[in-house]
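Below is one structure, written out as structure tokens; the observations come after it.
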Amino acid sequence: MKTLERACSSLSDIAAFAGGLALVMMMLQITVDVLGKYLFNAPVPATLETVSSYYMVALVFLPLGQVTRQREHIEVELFTQHLSPRKLAGVTALASMIGLIYVGILAWRSMDEAIYMTEIRESWGTELWDMQVWPTRWFVTVGCVLMAFYLLLHAIDDWAYAISGRRLLDAVNEGGPQSPSSVDPESAR
Amino acid sequence: ETKVVYGSFMPEPHLVHKAGLEPLFKEVEAATNGSLTFELFVGGALGGAKASLSNVRDRVTDSALIMNVYVKSDLPASSSLTELAVLGTDAMAIAGASNEMQLLACEQCEKELARNKVKALAYYSTATYNLMCTKPVSTLEDIKGLKIRAAGAFGALASELGGTPVSISAGEMYEALQRGQADCTLGAAAHLKSYNLQDVIKSVVDLPLGTFHGVLAFPINAGTWRDMTKDEQRALIKAMPGLVSRLVVGYEDESAEALANAKSNNVSVLKPGPDLVAKVAAHRKGEYDRVLAYAKDAGVEDAEQMVDRFIKLVDKWEKLVIGFDREPAKFEEALWEHVYSKLDVMN
Amino acid sequence: MDNLTLGFAGVGVVLALLAMRVPIAVALGGVSIVGIAMIRGIGPALGALGTLPFDFAANWSLSAIPMFLFMGSIAFHTGLTSSLYNAARIWLNRLPGGLAVATNLGAAGFAAASGSSLATAAAMGRLAIPEMLKFGYDKALATGTVAAAGTLGALIPPSVVFIIYGWFTQQPIGKLLIAGIIPGLLTALVYTVMIVGRCIVKPSLAPQIKIDVSWADRWRTLRQVWPLPLLIMGIVGGIYGGLTTPTEAGAFGAFLALVISLAQGRLTWSSFRKSVEEAIRTTAAVFFIAIGAILLSRFLALAGVPAHMAVLVNELGLSEIGLIVAMCAVYLVLGMFLDPLGLMLLTLPVFLPVFEVMNLDLIWIGVLVVKLIEIGLLTPPVGLNAYVVKGVVGDSVPLSTIFRGLLWFIGCEIFIMLLLVGFPELSTWLPGLMR
Ligand code: NA
Ligand code: NA
């Protein structure tokens, strides 16, 4: 179980790294395009299409594995916050199973679409030429598969905890948006 | 009884709905005694321009407004014909030719649509496109170095004229022109009103540069089509010439009206300089080769044959249109005679 | 079960799943897929699932959201924000809720650089919330202020929603954009009064600290505040100087933030890495929900729920003012569940013809509609602005606390709506001055 977790986390790390790269490239390309247009009348060709089809798709879907691993999907805690930890684990195990079905179908359907788009070599017209965009269809599948893996692991882990009171996985605490309340008020003075 | 769900990404008051689809729906509902009904979703509520084809394929909607160049990898032959934008010097003629070509004379077009489980019933063409700028522009010298919002065939034209083609989304076009991220746009004069460009555009060059004739106004999901009775199918086909005619004439009227009102909106309509006219004519000749290469590249078989046939049809329809003096009723008759009377029911 | 009943039942199931702690994205998307399958068949439902996520994310104008999130993260992690808030704390200490007021006004300034409320909330969330919490501000107040003030992004030009409304109704876009200015400033003003009032009544919301700072030190704090105002002015200047479109402004802003922090020698590899990670993880989480929200809008559209409610209102045969009040009610209810664009696109086709018949000023109506859509971003359960703020604050503040903080602002919104309905001049006077 823990070995599987480790394998998943290295894959998610790689995927998230690619997503981060897309974010930085997006910032740089738009900035160069803007300055190029303004100063030299020379835009970076196909910026609008590259940003929409490559960078955006990469940075929206590739981090899904990490987001799920850190349990950062937004939920409504209000109605379950009074439950004991083990009861809560039972509830979230069920929630993860429902999530697994949804994300599993999403992964399967987006893969079908990716295969089809690869076959027809999907391309978009830009201001001057056609740009192949089919590779980015796979980003959706990759993100959803990683997410599905973690939902499965969480479901098993939560069930185990709900039943036996012992977790199979180590709790993940590193990373995540640094919680603002953790900043020491005194150090800011 | 069949309910046809139609998805459009155009805004509600757009001509496609008001002049085209809504009358069509009424006509067909009446003709089938209400056994065929329609529901229209506008503004992309069920999916944007790029999603239209897959929506019809998956029957999320039964029909939708599809621009073939947005899904060119799905529809390589059909969108290659649209690349020949420069052929469109007369919207009525190019619309007639497009329908005859795409519905009857282009087996590949039919096949690639069938692969997406779609049957095409009507294409329309925009009014002819013009160069519209935020300052007075009428010669090649004026155009030099200007940023022109254009894509595809019109992008090639923009750079040929010495401008810099830039991609700007429709949603940002207004502000981009207002603040100088683009100096010009290539589009129908009707856009002056529909996209409110008359606030920011100062000049329109009175020289038709081509049409965008790849708009599939009425595709239908193959399953939905099969589920209809023959009478329902016939009623739909019967109504198509009217749809095409209303759309083409409506678009042209909107453009003519926008040009007529241009002065009161501080937009000047300028005669093109002779150098510009000559350049556009020369470009037109080169486009044939460019599109041929483009079609071959996209994997279209017998591309020469296909393009030649289309050019012949455009020629035929230009003569037809002159013959009946651009009269809408006669245009409908011609569409029926040359295209729709030959369309199979149950297919 | 007819489609309409199915639509309402679907909403019920969504609520039940949310209470059971199913991730919001899954609850919205999952129920919608089942609903679409029941209305249109399994094939269409699965088809929609295959294409919609990609089609939604592969969008140019939405790129402003990750870019502004990135900008906010950089500014936060390199400390560009702390000097400004430190100064604000010292100078505004006598003003009850001073930092929340400063945040609210800062958002109004930032709104001139950002075209959407989500992007505004994303950027301000990272800039302002940690600073307010650091000084002991109430969590509900701090997060609610940012989520609500984010809506100023859509009212004060530039504004994507106004452009879409103008395109949809063929109203002059220039006038629409100008029409949003006074309602935007009015909103900021009402928020300010509410924040100050609440903090006077309940000082614990925003603790005032006894500060012994000499006047020399006070002046010294002002010398360090420049990075953030420079950043915001750079972005606004970029837009109005014709350098960037409102979408490009996001990337340009992130770039500027990097340059400023680099120039100040505050940019480290670890702060850069953290900023990137935060920006993409928040984007992924929020976009995944938005995909669910759009599926829900499509499901409810196919079920005919929005059209049904709008038609019901029209059939009441109300007077002008009655119709507008009823319209507001419909938007408030639907706004709880629909995504902002879906809300506008699905209701306008039914309402517009009636407004035209009644000969109402469509610029005024545009302001009302945009305002109502923005309220929808703040109301539970589907409140995208609240989700963005939740994505930014992580575990430290529960979603319910954010919505609780927003209640006060929604109250303000209702008051502002009354003003806007009662005094159309607030919306029409400024654009009327244009030619
Ligand atoms: Na704004
Ligand atoms: Na809401």
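Every chain is numbered from 1 and lettered A, B, ... according to where its sequence line falls, protein lines coming before strand lines.
Chosen from A:Val91, A:Leu59, A:Thr31, the residue pairing most often with chain C at heavy-atom distances under 4.5 Å is A:Thr31. Between chain C and the residues A:Ile30, A:Val76, A:Leu23, the largest count of heavy-atom pairs under 4.5 Å involves A:Leu23. Heavy-atom pairs under 4.5 Å with chain C were tallied for A:Leu106, A:Val57, A:Leu64, A:Ile74; the largest tally goes to A:Ile74. Interface check for chain A: of the options C:Leu243, C:Leu17, C:Leu18, the most heavy-atom pairs under 4.5 Å are formed by C:Leu243. Interface check for chain A: of the options C:Gly250, C:Ala285, C:Pro53, the most heavy-atom pairs under 4.5 Å are formed by C:Pro53.
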- [ ] Would you check, one step at a time, whether the test side chain to side chain contact (heavy atoms under 4.5 Å, CB included) holds for C:Glu248 with C:Met67?
- [x] CA-CA 9 Å; C:Glu248 292 164 340; C:Met67 288 288 95; over 6 Å; no
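Ion pairing between C:Glu278 and C:Lys274 fails under the 4.0 Å rule for side-chain N and carboxylate O. Using a 4.0 Å cut-off between charged side-chain N and carboxylate O, C:Arg21 and A:Glu77 make no salt bridge. No salt bridge links C:Asp138 with C:Arg404; every basic N to acidic carboxylate O contact stays at or beyond 4.0 Å. At a threshold of 4.0 Å, the pair A:Arg121-A:Asp130 does not count as salt-bridged, since none of the basic side-chain nitrogens sits closer than that to a carboxylate oxygen.
Contact of A:Ile101 with chain C is not made at all, since no heavy-atom distance falls under 4.5 Å. Proximity to chain C (any heavy atom under 4.5 Å) is shown, for A:Val34, by both the backbone and the side chain. Looking at C:Phe70, only its side chain comes within 4.5 Å of chain A, counting heavy atoms on both sides. Of the atoms belonging to A:Thr68, not a single heavy atom falls under 4.5 Å from chain C. For A:Glu113, the part sitting under 4.5 Å from any heavy atom of chain C is the side chain, from C-beta outward, and nothing else.
A cation-pi geometry, defined here as NZ or CZ lying under 6.0 Å from the six-membered ring centre and within 45° of its normal, does not hold between A:Arg166 and A:Tyr161.
Residue-level contacts of residues 140-150 of chain A with chain C, in order of numbering, are A:Val140, A:Met147; threshold 4.5 Å between heavy atoms. Scanning residues 14-21 of chain A against chain C with a 4.5 Å heavy-atom cutoff picks out A:Ala16, A:Gly19, A:Gly20, ordered by number.
A distance of 14.0 Å separates CD1 of C:Ile129 from OH of C:Tyr137, quoted to the nearest 0.5 Å.
Counting only heavy atoms from C-beta outward, the side chains of C:Met336 and C:Pro380 never approach each other to under 4.5 Å.
Aromatic ring orientation, C:Phe287 versus C:Phe56: tilted (interplanar angle from 30° to 60°). Using bins of under 30°, 30° to 60° and over 60° for the plane-to-plane angle, the ring pair C:Phe288/A:His73 lands in the tilted bin.
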